[in-house]
Protein chains: 2
Amino acid sequence: MLKYSKQRESIKNFLVTRYDHPTAETVYLNIRREFPNISLGTVYRNLNLLAEIGEIQKLSPGIGPDRFDGNPTPHYHFICRHCGCVMDLTVSGLDHINILAGQDFDGEIEGHITYFYGACPSCKASEKCSS
Amino acid sequence: MLKYSKQRESIKNFLVTRYDHPTAETVYLNIRREFPNISLGTVYRNLNLLAEIGEIQKLSPGIGPDRFDGNPTPHYHFICRHCGCVMDLTVSGLDHINILAGQDFDGEIEGHITYFYGACPSCKASEKCSS
DNA sequence: ATACATGCAAATTTTTTGCAAGCGC
DNA sequence: GCGCTTGCAAAAAATTTGCATGTAT
């Protein structure tokens, strides 16, 4: 059975306050302010555990390390190929994506993660300046 | 400028014959049959290069290492949470996904990768047996 | 001849794990 | 007290990089 841990609670609480999808390292650095002795291993263990029980989302954007999202609700993400930032993306009209996918698939689809790639607003802007 | 290399050609050719989205390690092991002295570093360099120029796709399913897809055409993937296998998934009606995403986003969307997660047919079958 | 590509090995980066001690229930 | 959790350190896994040499153009 799952037992309460203040470290895990703190990690969860930290994540829901952040909208930039921090890496495990960033979580570690921040939680350390409250728990100076917490270890990176514990952070990883709890992040993976929270993702498994569905309280957070683990993102693997392919650029840099994995990231974690305190919002477990299905939604979309944008990954900037230039600076590697990860942002939420509101895409209307895609809620039917699961239903569509299940139609001709013999397995069992539990969920999906969509990453959009490109240049984020600020990288797009600085490109213009340099050209 | 890009120069021809028989190693790179072989890697590309190998990838287009495989539909299981092999890892860099698997590519390495197979290319070694033709080029016994090829190094894993060269395989990684060429896989990344081919992905950058758009001849292949790099996939980061979040379970296990990155995988590579010899088919650069946009399409969907299914990742089995049980065995980690990666399969192509035909989902009709999702071609409008880029247009939708671009509508309220100030950056520049170049493409997207969607991963569906769940139990693959064979893992789904063996679950039934053990219960 | 020049510049890109390779092989090799070492280094980095990212993540996981073993274990003794601590803590929630 | 039992069993999950932690901190610490070491290890493992995955990927990148430096450099001398090789090769395409």
Side-chain angles (χ1 to χ4, degrees), chain A residues 1-15 21-53 55-69 79 81 83-86 115, chain B residues 1-15 21-53 55-69 79 81 83-86 115:
Chain A
M1 275 300 88
L2 188 63
K3 278 185 186 171
Y4 170 82
S5 113
K6 51 196 179 193
Q7 287 91 338
R8 182 158 58 236
E9 183 184 46
S10 173
I11 289 171
K12 172 80 191 291
N13 287 341
F14 171 70
L15 270 186
H21 315 86
T23 64
E25 181 74 20
T26 301
V27 173
Y28 169 61
L29 258 26
N30 280 275
I31 298 301
R32 243 195 349 186
R33 296 196 284 205
E34 190 182 354
F35 299 95
N37 291 322
I38 199 173
S39 69
L40 190 52
T42 297
V43 170
Y44 269 104
R45 269 186 295 233
N46 279 307
L47 287 171
N48 285 332
L49 197 157
L50 288 166
E52 266 165 43
I53 64 178
E55 297 207 10
I56 66 172
Q57 276 192 76
K58 180 179 180 177
L59 305 174
S60 298
I63 298 170
D66 287 348
R67 289 164 171 275
F68 298 87
D69 188 339
I79 321 289
R81 284 217 176 91
C83 68
C85 72
V86 178
Y115 302 103
Chain B
M1 276 298 88
L2 189 64
K3 280 184 185 168
Y4 171 82
S5 114
K6 52 195 178 190
Q7 287 90 339
R8 182 160 56 237
E9 183 184 45
S10 174
I11 289 171
K12 172 80 192 291
N13 287 341
F14 171 69
L15 271 186
H21 315 87
T23 63
E25 181 75 21
T26 301
V27 173
Y28 169 62
L29 258 25
N30 280 275
I31 299 301
R32 241 190 357 182
R33 295 196 282 206
E34 190 182 353
F35 299 95
N37 292 321
I38 199 172
S39 69
L40 191 52
T42 297
V43 170
Y44 269 105
R45 269 187 294 236
N46 279 306
L47 287 171
N48 285 332
L49 197 158
L50 288 167
E52 266 165 43
I53 64 178
E55 296 207 9
I56 66 171
Q57 277 192 75
K58 179 179 180 177
L59 305 174
S60 299
I63 300 170
D66 287 348
R67 288 162 173 276
F68 297 88
D69 189 339
I79 321 290
R81 286 217 176 91
C83 67
C85 72
V86 178
Y115 302 104

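Below, each value reflects all heavy atoms present in this structure, side chains not excepted, and no hydrogens, waters or symmetry copies. Residue numbers start from 1 in every chain, and the chains themselves are labelled A, B, ... in the order their sequence lines are given, proteins ahead of strands.
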Single hit among B:D69, B:L49, B:I11, B:L47 for side-chain contact (heavy atoms from CB on, under 4.5 Å) with B:I56: B:L47
Any B:N48 side-chain N or O less than 4.0 Å from OP1/OP2 of D:dT16: yes
Contact interval (first through last nucleotide) of DNA chain C with protein chain A, 4.0 Å heavy-atom: C:dT14 to C:dC25
Sugar-phosphate only, base, or nothing, as touched by B:E25 at under 4.0 Å among non-hydrogen atoms: nothing
Sugar-phosphate only, base, or nothing, as touched by A:L40 at under 4.0 Å among non-hydrogen atoms: base
Passing option when A:R8 is tested against A:V43, A:N13, A:L2 for side-chain contact (heavy atoms from CB on, under 4.5 Å): A:L2
Residue whose nearest DNA chain D nucleotide is more 5′ - B:A24 or A:L49: A:L49
Rounded interatomic separation in angstrom, taking OH from B:Y44 and P from D:dA13: 13 Å
Spacing of A:L50 atom CG relative to D:dC4 atom C1', expressed in whole Å: 15 Å
Pair A:T42, A:Q7: side-chain N/O donor-acceptor within cut-off below 3.5 Å: no
B:G62 to A:K58 - nearest heavy-atom pair and separation: O-NZ, 4.3 Å
B:I63 side chain reached by B:R81 side chain, heavy atoms, under 4.5 Å: yes
Spacing between A:M1 atom CE and D:dT5 atom C1', to the nearest angstrom: 15 Å
Protein proximity profile, nucleotides 18-25 of chain D - base contact B, sugar-phosphate-only contact S, no contact -, cut-off 4.0 Å on heavy atoms: B-----BS
Interatomic distance where CZ belongs to A:F35 and P belongs to D:dT5 [whole Å]: 15 Å
Closest approach of B:T23 to B:F68 (non-hydrogen atoms, all atoms of both residues): C-CD1, 4.4 Å
B:R67 to B:H21 - nearest heavy-atom pair and separation: NH1-O, 2.8 Å
Contact nearer the 5' end of DNA chain C, comparing A:D66 with B:N37: B:N37
Side chain proximity check, A:Y115 to B:S60, heavy atoms < 4.5 angstrom: no
B:L29 CG to B:F14 CZ distance, which is reported to the nearest 0.5 Å: 9.0 Å
